[in-house]
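Here is the structure we will look at.
Letters go in sequence order (proteins before strands), and every chain restarts at 1. Note: hydrogens, waters and symmetry copies are ignored here, and every other heavy atom, side chains too, is used.
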There are 2 protein chains.
Amino acid sequence: MQEHYPHPEIADVQLGEVLQALSDPLRLRIVAALAQGDERGWGEFDAPVAPSTLSHHMKVLRQAGLVTHRREGTRCIVALRPDLEERFPGLLGAVLRLTPAEQGAK
Amino acid sequence: MQEHYPHPEIADVQLGEVLQALSDPLRLRIVAALAQGDERGWGEFDAPVAPSTLSHHMKVLRQAGLVTHRREGTRCIVALRPDLEERFPGLLGAVLRLTPAEQGAK
DNA sequence: GGCTTTGTTCGAAGAATATCGAATGACCAA
DNA sequence: TTGGTCATTCGATATTCTTCGAACAAAGCC
């Protein structure tokens, strides 16, 4: 882990990278789960992959500008990036409206 | 070329594949150009790649369900797939509204 | 200080993707 | 039928992505 996670400036977030990040089933599921409500702990997604793989996907989502990571004690809290809507209005809504509901399940 | 191009059934078109297809700059440019108006001839995109590479991207777009290909004499006409809006309402609009205008240039 | 929990980082292996040039095929025109 | 145009396919290469296990690091607890 690390003290502070590096997040890109919102102006540096690129549409192509956002779309590519969303094109992976697991990553889309993570984003959909976060969109259902609040932030979540890193480990609360029961992703069917090894921790190192999940960590990789989390990094992709963070670097693409989709989510934020925050340290809380020994745990990592993941949340949708709030300023994404202002950077790409309507994008996340349009995508998530179309993703099957069960993808948001815990 | 081929007599008839294979297109997926609209019901088989997957969101993830659409997003992945759109995540490539050249492919997004092609789709944006098509969205500006009418269909276009294959060669009228002045893509900065070799013909074989363009052909590859066209195939990706077609297989992802984003465009249709139609034979016309010795040429190939490319168009946005009309039933995509009904399959994923609002998706293409949301994405294209956010893509820089010059990407639609010929 | 040790131990546990929680993620990250580091290779490495395998799959997928992007790109090109060369060869090919389909159609049209002369 | 010979050639030209337009696009696809094939084979090759280089890059990127996905995935894992092993090792590591930070924070808190005993």
* To do: Before accepting this row, confirm whether a basic side-chain N of the pair A:D38/A:R40 lies closer than 4.0 Å to the acidic partner's carboxylate O.
  => no

For residues 7-21 of chain B, run the donor-acceptor check on the side chains, cut-off 3.5 Å, and write out each pair with its distance to 0.1 Å, sequence neighbours left out.
unit_1, atom_1, unit_2, atom_2, d
B:H7, ND1, B:Y5, O, 3.1
B:H7, NE2, B:H69, N, 2.9
B:Q14, NE2, B:D12, O, 3.2

Below 3.5 Å is the cut-off: list the nitrogen or oxygen pairs between protein and nucleotides 21-23 of chain C, distance only.
unit_1, atom_1, unit_2, atom_2, d
C:dG21, N7, B:S52, OG, 3.3
C:dG21, O6, B:S52, OG, 3.0

* If two hydrophobic side chains count as joined below 4.5 Å and joins carry through other members, does A:L61 share a cluster with A:V49? -> yes

* State, with a plain yes or no, whether a side-chain heavy atom of B:R29 is found less than 4.5 Å away from one of B:T99. => no

* Between P of D:dA7 and CD of B:E44, the distance in whole Å -> 9 Å

* OP1 or OP2 of C:dT17 sitting under 4.0 Å from any side-chain N/O of B:H57? -> no

* To do: In whole angstrom, give the distance that lies between atom CE of A:M58 and atom C1' of D:dC17.
  => 18 Å

* Structure fact -> Out of C:dT8, D:dT18, C:dT19, minimum distance to the side chain of A:H56 belongs to D:dT18

* **DNA chain D: 5'-proximal contact among B:L54 and A:L26 (nearest heavy atom)** => B:L54

* Salt bridge between B:R70 and B:E72, side-chain N to carboxylate O under 4.0 Å? -> yes

* To do: Please tell me which of the listed nucleotides, C:dT6, C:dT8, D:dC20, lies nearest to the side chain of A:R75?
  => C:dT6

* Asked: Counting side-chain heavy atoms from C-beta on, which of D:dT18, D:dT19, C:dG7 comes nearest to A:R27?
  -> D:dT18

* Asked: For the residue pair A:V78 and A:L34, what are the closest heavy atoms and their distance?
  -> O-CD2, 3.5 Å

* Verify the contact: side-chain N or O of A:Y5 to OP1 or OP2 of C:dG7, cut-off strictly under 4.0 Å; return yes or no. => no

* Go through the N and O atoms of the side chain of B:S55 and the base of D:dT8, and report whether any donor-acceptor pair is under 3.5 Å. => no

* D:dA26 P sits how many Å from A:W42 CH2, rounded? -> 17 Å

* **Gap between atoms CZ and C1', on A:R70 and C:dT8 respectively (whole Å)** => 19 Å

* Of the nucleotides D:dC20, C:dA26, C:dA18, which has the atom closest to the B:T74 side chain? -> C:dA26

* Any idea which heavy atoms bring B:I77 and B:G41 closest together, and the distance? -> CD1-CA, 4.3 Å

* To do: Quickly work out the A:L61 CG to C:dT8 C1' distance and round it to whole Å.
  => 16 Å

* C:dT6 P sits how many Å from A:F45 CZ, rounded? -> 15 Å

* Select base, sugar-phosphate, or nothing to describe what A:V60 touches, counting heavy atoms under 4.0 Å on all strands. => nothing

* NA contact type, B:Q20, heavy-atom cut-off 4.0 Å: base, sugar-phosphate, or nothing? -> sugar-phosphate

* Asked: What is the distance from NZ of A:K59 to P of C:dT9, rounded to the nearest Å?
  -> 5 Å

Going by atom type alone, with no hydrogens or angles, which donor-acceptor pairs under 3.5 Å involve a side-chain atom of residues 90-98 of chain B and a protein atom two or more places apart or on another chain?
none

* Quick one: B:R71 CZ to C:dG25 C1', roughly how many Å, whole number? -> 9 Å

